[in-house]
Number of protein chains: 2
Amino acid sequence: MTGVQERATSEGTRRPTRQRAAVAAVLADTDEFRSAQELHALLREGGDKVGLATVYRNLQAMAADGEIDMLRTDEGEAVYRACSTGHHHHLVCRVCGRTVEVEGPTVEAWATRVSAEHGFTEVRHTLEIFGTCATCSR
Amino acid sequence: MTGVQERATSEGTRRPTRQRAAVAAVLADTDEFRSAQELHALLREGGDKVGLATVYRNLQAMAADGEIDMLRTDEGEAVYRACSTGHHHHLVCRVCGRTVEVEGPTVEAWATRVSAEHGFTEVRHTLEIFGTCATCSR
DNA sequence: ATCTCAAATGAGAACGATTGTCAAAATCCT
DNA sequence: AGGATTTTGACAATCGTTCTCATTTGAGAT
């Protein structure tokens, strides 16, 4: 049901296709979070003809495999970004969308401790902070 | 566009209506996060006839005024909760779905500090921990 | 109590992101 | 090459949410 496997880093049995590569390519070109529709448009501009549904499918698959990061904007739209190395969290401005990457040894430790206290294993967590950045709150 | 005013705590010039009161009432009855549609259904069951659009409008207005909390589920659906209840996070078992509510003063403090360091204001955060619970892991 | 006017409501249409459908095309395996 | 299987693409369908606009309601003046 959840699609989450025991070995989260496994790639499953997905086939390499031109479209999949194209999606991965645009994603690798920007360090910003982009929506599926934006990525689809970018592919079009770049001359790669890929169906919108295919873009959605690939993004989901890649996100499920942990190859890319996915989060929701304040409006509920899903946005994706190439997974940079290292675990970190995001501080997102809800006005201009600017994203700051932050690390939190504190949080990591806390999450681990709390999980252990409740007997949970194989833990993973997501933490997003939304606010108004200095420029936008002026 | 964003609807965020300079005086965030102001109530603006909104009129007290039967519908608004009804929405506030159901919301006050549960300490869980509920979607607009769920709340609308609850109102129906309770005999209060309130239009769906009205529920949406009131929830938005109340959230904008900071009277209630609003956040997005993993699927992008907006869910609301009466503001008074304590803020907590969830530890979810990805196998059986069991959910444990956990509090984290540590995390709260950390999030606040990090946000401030980057000049962010009006911050809110979401944190979910996924893992395998003791029962399911063996 | 009545009148007036802006704000609020309700019903349903409209919208936008995402998902489902299914025949055609691509890939893998032998 | 040949057949099974996955992936794709075009478009219909869904679903949450927002918009439209005629009608109702609340607040203050008369």
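Chain naming here is simple, since letters A, B, ... match the order of the sequence lines and numbering starts at 1 in each. For clarity, every value in this text was computed on a predicted model and none was experimentally measured.
- The listed nucleotides are D:dT8, D:dA27, D:dT5; the one nearest the side chain of A:Arg15 is D:dT5.
- Rounded to a whole Å, the CZ atom of B:Arg44 is 13 Å from the C1' atom of C:dT9.
- Heavy atoms of other residues, nucleotides or ligands lying less than 6.0 angstrom from CD of A:Glu103 number 12 at most.
- Here the closest heavy-atom approach between residue B:Ser115 and residue B:Ala111 is recorded as OG-O, 2.6 Å.
- Rounded to whole Å, atom C1' of C:dC15 lies 13 Å from atom CD of A:Glu77.
- Atom pair B:Leu52:CG and C:dC15:P shows a separation of 18 Å (rounding to whole Å applied).
- Comparing B:Ala53 and B:Thr17 along DNA chain D, the residue whose closest nucleotide (by nearest heavy atom) sits nearer the 5' end is B:Ala53.
- Residues B:Met62 and B:Val23 come closest through the heavy atom pair SD-CG1, 4.2 Å.
- Ranking D:dG26, D:dT17, C:dG10 by closeness to the B:Val50 side chain, first place goes to C:dG10.
- Within the 4.0 Å cut-off from OP1 or OP2 of D:dG9, at least one side-chain nitrogen or oxygen of A:Gln19 is found.
- In this structure, CG of B:Asn58 is placed 9 Å from C1' of C:dT9, rounded to the nearest angstrom.
- Summarising the geometry, the separation between CG on B:Leu59 and P on C:dA8 is reported as 15 Å, rounded to the nearest angstrom.
- Set against C:dA11, D:dT8, D:dT17, the side chain of A:Arg57 has D:dT8 as its closest nucleotide.
- Rounded to an integer number of Å, the gap from NE2 of A:His40 to P of C:dT18 is 13 Å.
- Of the side-chain N and O atoms in A:Arg18, one or more sit less than 4.0 angstrom from OP1 or OP2 of D:dG9.
- Considering only side-chain N and O atoms, B:Ser35 lies nowhere under 4.0 angstrom from the phosphate OP1 or OP2 of D:dG16.
- For A:Gln37, counting side-chain heavy atoms from C-beta on, the closest listed nucleotide (C:dA17, D:dA10, D:dT7) is C:dA17.
- One finds a side-chain N or O of A:Thr54 lying less than 4.0 angstrom from the OP1 or OP2 phosphate oxygen of D:dG9.
- Taking the six-membered ring where the residue is Trp, B:His125 and B:His89 present tilted rings, their angle falling between 30° and 60°.
- Taking atom CZ on B:Arg72 and atom P on C:dT18, their separation rounds to 11 Å, with Å as the unit.
- Among the nucleotides D:dT5, C:dT18, D:dC11, the one closest to any side-chain atom of A:Ala36 is C:dT18.
- Nucleic acid contact class of B:Gln60 (heavy atoms, under 4.0 Å, all strands): sugar-phosphate only.
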Report task. Given side chain to side chain donor-acceptor pair (under 3.5 Å), test A:Thr135 with A:Arg98 step by step and report yes or no. Result -> CA-CA 10 Å; A:Thr135 315; A:Arg98 171 165 29 238; 3.1 Å; yes
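- The nearest whole Å value for the distance from the CD atom in B:Glu38 to the P atom in D:dC15 is 15 Å.
- For B:Tyr56, no side-chain nitrogen or oxygen approaches OP1 or OP2 of D:dT18 to under 4.0 Å.
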